[in-house]
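See structure below.
For the numbers below, each heavy atom of this structure counts, side chains included, while hydrogens, waters and symmetry mates do not.
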Amino acid sequence: MDLREDSVRLESLQATSRNMSSSSAFFSANQSPFFSPRSSTCQLSESTRSDAQCNSINFSADPPSSSSGIQVPECLADVGFSGFQKFDHVPSTTLVASGIRSSYDHMGDNGYNIPIAKHRKHMRNHVMSFSPVPISLSSNRRRSYDVYIGLHGRKPSLIRFTNWLRAELEVQGMTCFVSDRARFRNSRKHELRERAMDVSSFGVVILTRKSLRNPYTIEELRFFSSKKNLVPIYFDLRPGDCLVRDIVEKRGELWEKHGGDLWVLYGGLEKEWKEAVNGLVRVDEWKLEAQDGNWRDCILQAVTVLAMKLGRRSVLERLTKWRDMVDKEEFLFPQNENFIGRKKELSELEFILFGDITGESERDYFELKARSKRKNLTVGWSKSSSAEERHRASGSRKGKEPVIWKESEKEIEMQSFERQHYQRPKGGQSSRRKRSKKTVYGKGVACVTGDSGIGKTELLLEFAYRFHQRYKMVLWIGGESQYIRQNYLNLRSFLEVDVGVGNSIDKSRINSFEEQEEAAISRVRKELMRNIPFLVVIDNLESEKDWWDQKLVMDLLPRFGGETHILISTRLPCVMNLEPLKLSYLSGVEAMSLMQGSIKDYPIADIDALRIIEEKVGRLTLALAIVGSMLSELPINPSRLLDTINRMPSRDILWSGREVHLLRKNTFLLQLFEVCFSIFDHADGPGSLATRMVLVSGWFAPAAIPISLLSLAAHKVPKKHNGTQFWRKLLHSLTCGFSSSYSKRSEVEASSMLLRFNLARSSTKEGYFHFNELIKVYARKRGVTGAANAMVQAVASRGSLSLHSEHVWAACFLLFGFGNNPKVVELRVSELLCLVKQVILPLAIWTFVTFSRCGAALELLRVCTDALEAADQAFLTPVEKWLDKSLCWKPIQTNAQLNPYLWEELALSRATVLETRAKLMLRGGQFDIGDDLIRKAIFIRTSICGEDHPDNIAARETLSKLTRLLANVETHTSS
């Protein structure tokens, strides 16, 4: 079932329906005392038939024309909710009787602008005249639904919740019919929705504060209560609030404003209204509450209840499995219990993503600056759009109407506010307008920018924890340019999609590598564009372009304005023409609180020392947290700590690159790091395990590092004592009583030290932790001998593709130096051969087959081939030894002659890599390149093993296939 089929034609009244099983546990929907249609059969007029051409309104946030390629009738173009919401969606699995289009009615605050007399007459026809005669949608057949969802209101949060509920039910295979019947005046449309209620197995009624003054909600409550299949969901109410006496007498803060004789507002009967409200009290089996902080739990509970009542055991099993996965893998980090400040930033992120602020965040609401101008903003693949689209997007808008999105294959265009920044004129010069930046509110994308260590990741993590109930799941993606595409495709396990090369779009022909990669990305992107909301967090976005092929990161993301929200952190000043939220430093009070920790009674001199430390570390949140942990862990006051840091000698480091700009200008921060290392060394001896773990961490990938793998790499780094007698005495005086409890640390104890001193961050994965990028950069620049080599050797010996793929790639980057990056690690030939066999070949095949990352896999094999050829050339170079020079009659030998077995292994390994490349070229239609590669492999194997070797026979079969396909291509081209 494809939930993106948002425009669906309604089936005719004669559609075949499912018959309810006699053994069904729920009440039959065929008998209804509430509906008495005007006739047992429905004859459609010509006007009705013409209306059927635009028959359904999409109940979703998707625009009329989306990338899913759905064609929406023009008659729906002006029908919307808040500019982009489409209502009363009837999905592909939920088709109603004849094709009659529903539309928006413009109503007052109560939802009705129909005269009372006319409305009473309408209600007598549709609500108050009941007949025990069953309805006949056609002569004797009708369509049935598992769930009818009734709601009333235009509140964006209500629409978002209902979209999610409907989509989640459909994903689990339950057919739904969703409707807000108060919007329709046409009696025939009401009849269709009444029939949908009648043939639904269960009725979900979403109750808000205004629902009880809506006659159609009252009717739905009475109808489903009488059938004992009512499932009420209290959206901004609680079950205890729905008491007739409190509502009528306006008791309590809630009903003082919204209560009273509500049946009078629509001309109903008091008895029927009270019967409906009292019916809620009698629903004891389930009471679902959708409060601000439990949307996810409420929807999953509703799906579970309905699946259980409908006898869908497989749904219950899937939900149980999914919950277990979410509990273990949703967040990378545990929530920071000591999170301080950032209330304003959290409120602004909520406003940017949702377009409004609710709950506790309203107290932290901030005033936004007035917009001077409204203008078009183009975000995405194209720099311009058609004149017609620009003309349509340039229309004026009023109030808080959301941005209207238009998406085509090559661009995404939206209508938005634009904030202009001007530079004051200097002297007689006229003012020059700076680059404009655009702030988009309520469109589901937000960007946070700031220096390394300022607290961007902490802010995003806190936001994700606070609002995770508004999303089905939080999907965390590392934004580093070399890894972002792989991290994006890793979402396949959470979204349950297959991105392997076997799922090509067009299986009638061989798709190119680029087409296969695009298809894989499209499948993930397509899942994120459903009406099910996800929060995609891209942490530390390094570039707007992918490192591998320079394509825009924008190509990976779902359409802005949908249910899925995008939250980005970056050091870039601007991303995708959006104005980022510039993250500033903590206030003085917040910074002091972070450094002091639980100790609040420092004397004035120590408070002044803390203020000096705050200024010297650049007020970075990371540094403040390290200072606070040192004061908590060590028997030292702030004044003495300041003196110790000042006296710590700084290292001579050759700085280069944009990433080290912050460290270059902040020597005090580097001295703080060195003090931490010295404390570790004093506690565990020179070159402590904790220090080496930090220093080797800089060469690992920017992902969670397994402690066992990190410890193994640290043990391979040679110990070296760089301290002096003076510093040993000084640190001994600072850490007296500390070293006795931290002597001779094991792997677990060393990890504990790193966590306690805030040099590492714990992970939700047991046995993993993270390091801040500032610390990793310093570890690399510090230049410890053998650290990079140790990392590669550790990954080669214990690395796992399924568990540590990022670190396996990091080892390959160090070994081969992709692109313009230099090689960092040089291995012996024997070590290289082992790495190729155990790591590189499996990584390339796994990346190609499982993730369709054809370009990355082929590039890895190419640089591996170059490395093996370079090693082979070195083997064939004559070697001179001092003994050979004294014996002039002895011929000069090569390494291949000195070590023939190793040379043969090297040659055969090169042949294997060439053959693998040829087979992969075959999968992408690169037959000519594959033919050349396989011939080289056969030549190498024939030279060493002979023509009859089994590997050669298999290679010749591949060659024959490539030759045949290449001939077919040439024939087709020539003809």
Side-chain angles (χ1 to χ4, degrees), residues 336-342 451-455 458 584-651 662-663 665-684 688 690-691 694 723-724 726-742 752-761 772 774-775 778:
N336 186 358
E337 298 178 354
N338 299 319
F339 185 82
I340 295 176
R342 306 298 190 192
D451 294 332
S452 295
I454 198 65
E458 291 292 340
S584 60
Y585 308 107
L586 293 175
S587 67
V589 175
E590 294 165 346
M592 196 64 62
S593 176
L594 185 59
M595 288 188 292
Q596 285 179 305
S598 58
I599 306 174
K600 304 295 184 182
D601 55 350
Y602 282 122
I604 299 298
D606 287 339
I607 296 295
D608 293 339
L610 288 176
R611 290 197 179 99
I612 295 174
I613 292 176
E614 177 193 356
E615 291 296 327
K616 285 198 167 189
V617 297
R619 302 173 70 182
L620 294 178
T621 307
L622 171 66
L624 300 179
I626 294 175
V627 170
S629 63
M630 294 176 72
L631 294 175
S632 299
E633 293 291 328
L634 302 175
I636 185 175
N637 57 41
S639 300
R640 196 172 182 190
L641 177 61
L642 174 61
D643 181 65
T644 302
I645 298 174
N646 283 328
R647 297 172 65 184
M648 175 63 67
S650 58
R651 291 177 172 267
L662 186 63
L663 292 176
K665 68 179 184 179
N666 196 337
T667 57
F668 190 85
L669 178 62
L670 307 184
Q671 290 174 300
L672 176 64
F673 292 158
E674 290 296 333
V675 169
C676 292
F677 297 155
S678 299
I679 293 173
F680 299 157
D681 292 346
H682 176 76
D684 196 22
S688 65
T691 300
V694 175
T724 62
F726 168 77
W727 285 108
R728 286 200 297 272
K729 290 182 178 180
L730 175 62
L731 290 169
H732 177 73
S733 65
L734 294 177
T735 59
C736 62
F738 180 77
S739 58
S740 60
S741 60
Y742 284 90
S752 176
M753 287 181 65
L754 296 178
L755 294 175
R756 293 174 66 180
F757 279 85
N758 280 323
L759 288 182
R761 176 75 188 269
N772 186 277
L774 269 181
I775 295 175
Y778 179 64

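Here Tyr602 pairs with nothing under the ring pair (Phe, Tyr, Trp, His ring centres under 6.0 Å) rule; sequence neighbours left out. When the side-chain hydrogen bond (donor to acceptor under 3.5 Å, both in side chains) test is applied to Glu458, the partners found at least two apart in sequence or on another chain are Asn336, Arg761. For Glu674, the side-chain hydrogen bond (donor to acceptor under 3.5 Å, both in side chains) criterion is met by Arg651, Tyr778, Arg782, not counting sequence neighbours. Annotation: side-chain hydrogen bond (donor to acceptor under 3.5 Å, both in side chains) contacts of Asp606 (sequence neighbours excluded): Ser639. Residues passing the side-chain hydrogen bond (donor to acceptor under 3.5 Å, both in side chains) test with Asp608, sequence neighbours excluded: Arg611.
Rounded to the nearest 0.5 angstrom, Ser632 OG and Gln596 CD are separated by 10.5 Å. The CD1 atom of Ile612 sits 12.0 Å away from the CD1 atom of Ile607 when rounded to the nearest 0.5 Å. Of the inter-residue distances, the one linking Met592 atom CE with Ile340 atom CD1 reads 11.5 Å to the nearest 0.5 angstrom. From Asn637, atom CG reaches atom CG of Leu610 across 9.5 Å, with rounding to the nearest 0.5 Å.
Residues Leu641 and Leu634 are not in side-chain contact: their nearest non-hydrogen atoms beyond the backbone lie 4.5 Å or more apart. The closest side-chain heavy-atom distance from Met630 to Ile636 is not below 4.5 Å.
Heavy atoms only, all atoms of each residue included: Leu754 and Ala690 are closest at CD2-O, 3.8 Å. When all heavy atoms of Thr691 and Asp681 are compared, the pair lying nearest together is OG1-OD1, 2.9 Å. Across Leu759 and Cys676, no two heavy atoms sit closer than the pair CD1-CB, 3.9 Å. The two residues Met648 and Ser678 have their closest heavy-atom pair at CE-OG, 3.5 Å.
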Can you give the donor-acceptor pairs under 3.5 Å from side chains of residues 614-626 to other protein atoms, not counting sequence neighbours?
unit_1 : atom_1 : unit_2 : atom_2 : d
Glu614 : OE2    : Arg619 : NE     : 3.4
Lys616 : NZ     : Asn646 : OD1    : 3.1
Arg619 : NH2    : Leu586 : O      : 3.1
Thr621 : OG1    : Ile454 : O      : 2.7

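Side chain of Ser593 to main chain of Val589: no donor-acceptor pair is present (N/O by atom type, distance under 3.5 Å, no hydrogens or angles).
For residues 587-599, no residue pair satisfies the salt bridge (Lys or Arg N to Asp or Glu O under 4.0 Å) rule, not counting sequence neighbours.
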